[in-house]
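Hydrogens, waters and symmetry mates are skipped; everything else that's a heavy atom, side chains included, is used. Reminder, nothing fancy here: chain letters follow the sequence lines and each chain counts from 1.
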There are 2 protein chains.
Amino acid sequence: MSPARKEESMAQGGALGGGARREAEHDGGSAPTREVVRRPGRTNATRLKIFEASLSLIGERGHHAVTVDEIAAAAGVSKGSVYYNFGSKSDLIGQLLRFGTDILLDRLQSAGTPSSDPGSAATLSEVSPTEAEPAGPPSGTPDVARDRLAHMVRAALRFVDEYPAFAQLWISEMWHAPSDWRDVLVELRGEVLGVVRSAVGDVFRERGHADGDLPAGTVDVTASAVFGATLILAQDRQVFAVEHGVDVCVRTVLGCLDAVPPAG
Amino acid sequence: MSPARKEESMAQGGALGGGARREAEHDGGSAPTREVVRRPGRTNATRLKIFEASLSLIGERGHHAVTVDEIAAAAGVSKGSVYYNFGSKSDLIGQLLRFGTDILLDRLQSAGTPSSDPGSAATLSEVSPTEAEPAGPPSGTPDVARDRLAHMVRAALRFVDEYPAFAQLWISEMWHAPSDWRDVLVELRGEVLGVVRSAVGDVFRERGHADGDLPAGTVDVTASAVFGATLILAQDRQVFAVEHGVDVCVRTVLGCLDAVPPAG
DNA sequence: CTAATTGAACTGACCGGTCAGTTTGAATAA
DNA sequence: TTATTCAAACTGACCGGTCAGTTCAATTAG
């Protein structure tokens, strides 16, 4: 919710600034989106305000139930400005998806790298050590890859807490058969799943599995399952005010990996 | 997709036909919807056609993108007839949610009971025994509760294959903060989760856990995670044509339970 | 100067919901 | 049997409102 928060994220997120306007509407080439040389100053501020406003409105009410006029009003800009910066409502949403996903990817990635991120490192110390170490079938191994994955799940949970609106948007759009943004969505899903898959692969490797070791598709399925379970758990906490403790969630999700034995 | 298929399901589903209409709708009085004694014959046929049409249309394009006119046309009835049988578009969707959930519940329940269901029993014999029995941390225990849960996951996967449209509708509506059908949704979620939770509880008990044994919330979280992972996995198969093998999916999802050790 | 923004009016399509009227089939009357 | 009646079931044209998108002259800022 906090605007300041998002502005930061946007700054670091990098990839999102995207193109300026795009006329010559949809037609064939879905995204020519030429990379106009924008004036550095104000420009992004407006785009940012529009992003924020639409993220929260669309997130909580669904994009169909939100009008462009409302978005403009909430962002404190004119309707014309919305169309100047984004060519259409549809494009706006597409870029919004990209925007949010970049933040998520960033969080996942920094949660998945051993370095950096002192904040969550502190938080981590509660995950495995606590609870009398009841997790993971292999008894006393280092489990560094597993901890990294735990970090990622935790980060995802936190992300949804922070941007419930985006999670909502993602969920309701991602599994639509014929939606605009289908291409974007497929790409975004691929990116996110890629990150998760890589972390999952590390865990399996850590447990002594060779690359061709486990049944076909195991890594992919596990990554999807981990991601899906995390997403649904996180949304449940949000929407139904279920108080699923974070630790329990992390442990449970990680359990998916335990279906495959340590490979003796 | 096959209309015949759905009609069958409706017939067997039992709980859903609900006989005539279920008026006295949402109290609020918005729909006086008289308590009419419906004529037995034709009545349900029309409602059924409307159900089918809207399920497939709404499922694949989202309820906002589907007009009542379209539904009527697809059902081969007039628009007025839709309003005659259901008071409003919103009511129609609410009843659709109820309709589909009843089928799902039915499937889950019959998959979760040891008796009956020869068809899936046959299918079962491929789940655990196959794959060189690589599942479950406790080595050679009976695992009957676990098998039952596996049955349920399998049934859910099959359900989504059969009614992808409904799964889509469920996913995109379930986690909306302020939607109509909020009440219905909360109730439906509770019912489904209840069934899963009970099965999950059995598994834990089977592993020697007492009722107060495991950390607070474990059963609930596990149930949510199992359900969430299954749903997302199933939809992924549908929407992105990912060929996640059913067996791998079942095994992975069941893994969530392995996060909690057998409790020595 | 030029890029960015405003605000307000306007268009045109679309859509949920209504309603006066028609069809249907069964019960009743002749 | 045939005619009449009744109401449930159904029809589809129509209305009123909404909303994405357009246009443009005026204004501001770099």
Between B:Asn85 and D:dA9, does any side-chain N or O lie under 4.0 Å from OP1 or OP2?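 False: B:Asn85 side-chain N/O out of range (4.0 Å or more) of D:dA9 OP1/OP2.
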
OP1 or OP2 of C:dA4 versus the side-chain N and O atoms of A:Thr46: is any pair under 4.0 Å?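 No, because none of the side-chain N or O atoms of A:Thr46 sits under 4.0 Å from OP1 or OP2 of C:dA4.
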
Salt bridge (Lys or Arg N to Asp or Glu O under 4.0 Å) partners for [X], two or more places apart:
X        : value
B:Glu243 : none
A:Asp180 : none
A:Asp161 : A:Arg237

Is it true that A:Lys79 and A:Glu70 make a salt bridge, defined as a side-chain N closer than 4.0 Å to a carboxylate O? no

Between the protein and nucleotides 7-16 of chain C, are there any N/O to N/O pairs under 3.5 Å, and if so, what are the atom names and distances?
unit_1, atom_1, unit_2, atom_2, d
C:dG16, OP1, B:Lys89, NZ, 2.8
C:dG16, OP2, B:Val68, N, 3.0
C:dG16, N7, B:Lys79, NZ, 2.9

I need the [atom1]-[atom2] distance between [X] and [N], as an integer number of Å.
X       : N      : atom1 : atom2 : answer
A:Arg47 : C:dA3  : CZ    : P     : 17 Å
A:Tyr84 : D:dT23 : OH    : P     : 16 Å
A:Lys49 : C:dA4  : NZ    : P     : 15 Å
B:Phe86 : C:dT18 : CZ    : C1'   : 18 Å

Partners meeting ring-ring contact (aromatic ring centres under 6.0 Å, His included) with A:Phe166 (sequence neighbours left out): A:Phe159

Report the residues that fulfil ring-ring contact (aromatic ring centres under 6.0 Å, His included) with A:His244, sequence neighbours left out, ordered by chain and then residue number.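 ring-ring contact (aromatic ring centres under 6.0 Å, His included) list for A:His244, sorted by chain: empty.
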
